[in-house]
Amino acid sequence: MKKLLLLTLMMVGMAYGAMAQTVKVDSLRKAPLGLRANLVMDFSKATIHEMSEANFAKYEKDWEKDKSSVVEKFRAAANFKLDNEMKLGYYDDADYVMTVTVKSISTQGFIVCDAVLTDNSGKVFFAVEDLKGSSDSFFTPGTKLARIKIWATLTGTALGSLIKNRM
């Protein structure tokens with residue numbers, strides 16, 4: 001019985017991981033190698049733990065303080081995977097913007113988002129919908145914010161890998 005339960009959980013996990021993101025625009029080969037893009041991460045339309053961001057911020061008092069570290073974990077993980085082929089950050093003179101729109105954060109911390117890379121004129125070089133990180137484990141330890149930070153790292157890694165494989 002335990003083996004059947006374990007097998008079922010593994011299959012559900014693989015099915016969750018198989019719900020792949022959809023790449024809508026892929027013109028990254030036209031973008032210059034080593035480009036720097038300003039990172040904008042928008043949580044305003046997200047459902048976080050089945051609440052709006054405003055309601056989640058009332059429920060989780062540290063959200064406004066910790067949101068910047070969630071973004072930083074995402075950015076650092078993406079940049080690590082990109083290995084200097086692209087740099088996401090905060091630059092005064094960047095010619096590109098990577099806008100990440102968070103759609104949902106589950107109670108386990110799973111993050112689902114859309115990401116769009118544009119130049120300053122608005123031309124889209126890359127767009128992906130329903131991007132999510134992956135993990136071998138269903139169990140993410142820690143507080144709600146700790147789980148969100150773990151999944152921010154996993155989702156940033158997924159974005160970095162996806163972009164690197166297309167450059």
Side-chain angles (χ1 to χ4, degrees), residues 9-50 53 56 63 66-91 94 96-119 124-167:
L9 286 174
M10 287 174 51
M11 291 181 75
V12 169
M14 291 183 337
Y16 182 80
M19 292 187 281
Q21 64 272 345
T22 304
V23 176
K24 293 292 192 177
V25 178
D26 188 3
S27 301
L28 286 171
R29 286 185 176 80
K30 295 177 184 174
L33 195 61
L35 74 84
R36 297 182 310 159
N38 284 319
L39 175 64
V40 175
M41 204 157 175
D42 179 11
F43 294 88
S44 66
K45 295 180 179 98
T47 301
I48 306 173
H49 292 239
E50 301 175 0
E53 183 189 18
F56 182 73
W63 173 244
D66 285 348
K67 185 172 25 174
S68 62
S69 64
V70 170
V71 174
E72 179 55 26
K73 297 251 183 224
F74 181 95
R75 186 197 65 76
N79 281 339
F80 180 77
K81 273 302 191 183
L82 288 166
D83 193 30
N84 290 324
E85 291 186 31
M86 177 190 293
K87 295 176 189 168
L88 300 178
Y90 313 100
Y91 307 103
Y96 298 87
V97 176
M98 175 66 75
T99 304
V100 176
T101 304
V102 178
K103 296 165 90 172
S104 66
I105 302 175
S106 73
T107 54
Q108 294 82 18
F110 300 120
I111 296 174
V112 178
C113 58
D114 296 341
V116 178
L117 177 69
T118 60
D119 66 11
V124 177
F125 282 83
F126 177 77
V128 61
E129 291 180 350
D130 299 326
L131 176 72
K132 59 186 82 48
S134 66
S135 172
D136 295 335
S137 172
F138 268 104
F139 177 70
T140 308
T143 65
K144 289 174 183 66
L145 289 172
R147 289 192 301 265
I148 291 170
K149 290 175 186 179
I150 290 168
W151 281 94
T153 300
L154 294 169
T155 307
T157 299
L159 178 63
S161 294
L162 190 63
I163 290 171
K164 185 173 174 98
N165 290 337
R166 287 175 157 65
M167 291 189 92

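The shown structure was predicted, so the numbers you read here are calculated from the model rather than taken from an experiment.
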If you count every heavy atom of other residues, nucleotides or ligands that lies below 6.0 Å from F80 atom CZ, does the total exceed 12? no
Count the heavy atoms of every other residue, nucleotide or ligand shown that sit under 6.0 Å from NZ of K149, and state whether that count exceeds 12. yes
Given side chains that start at C-beta, do those of [X] and [Y] come closer than 4.5 Å, heavy atoms only?
X	Y	answer
L82	K87	no
V100	D42	no
I105	W151	no
F56	I148	yes
K81	K164	no
F43	V70	yes

Shortest non-hydrogen contact from [X] to [Y]?
X	Y	answer
S104	A46	N-CB, 4.5 Å
L131	A158	CD1-CB, 4.0 Å
M98	I163	CE-CD1, 3.5 Å
W63	L145	CE3-CD2, 3.5 Å
T155	C113	CG2-SG, 3.8 Å
R166	F126	CD-CE1, 3.8 Å

Main chain of [Y], side chain of [X]: is a donor-acceptor contact present, judged purely on distance under 3.5 Å?
X	Y	answer
N38	V97	no
K103	T101	no
D114	D130	yes

Distance, nearest 0.5 Å, that separates [atom1] of [X] from [atom2] of [Y]:
X	Y	atom1	atom2	answer
F74	L88	CZ	CG	7.5 Å
T107	I48	OG1	CD1	12.5 Å
M86	M167	CE	CE	4.5 Å
N79	R36	CG	CZ	12.0 Å
L117	L39	CG	CG	11.0 Å

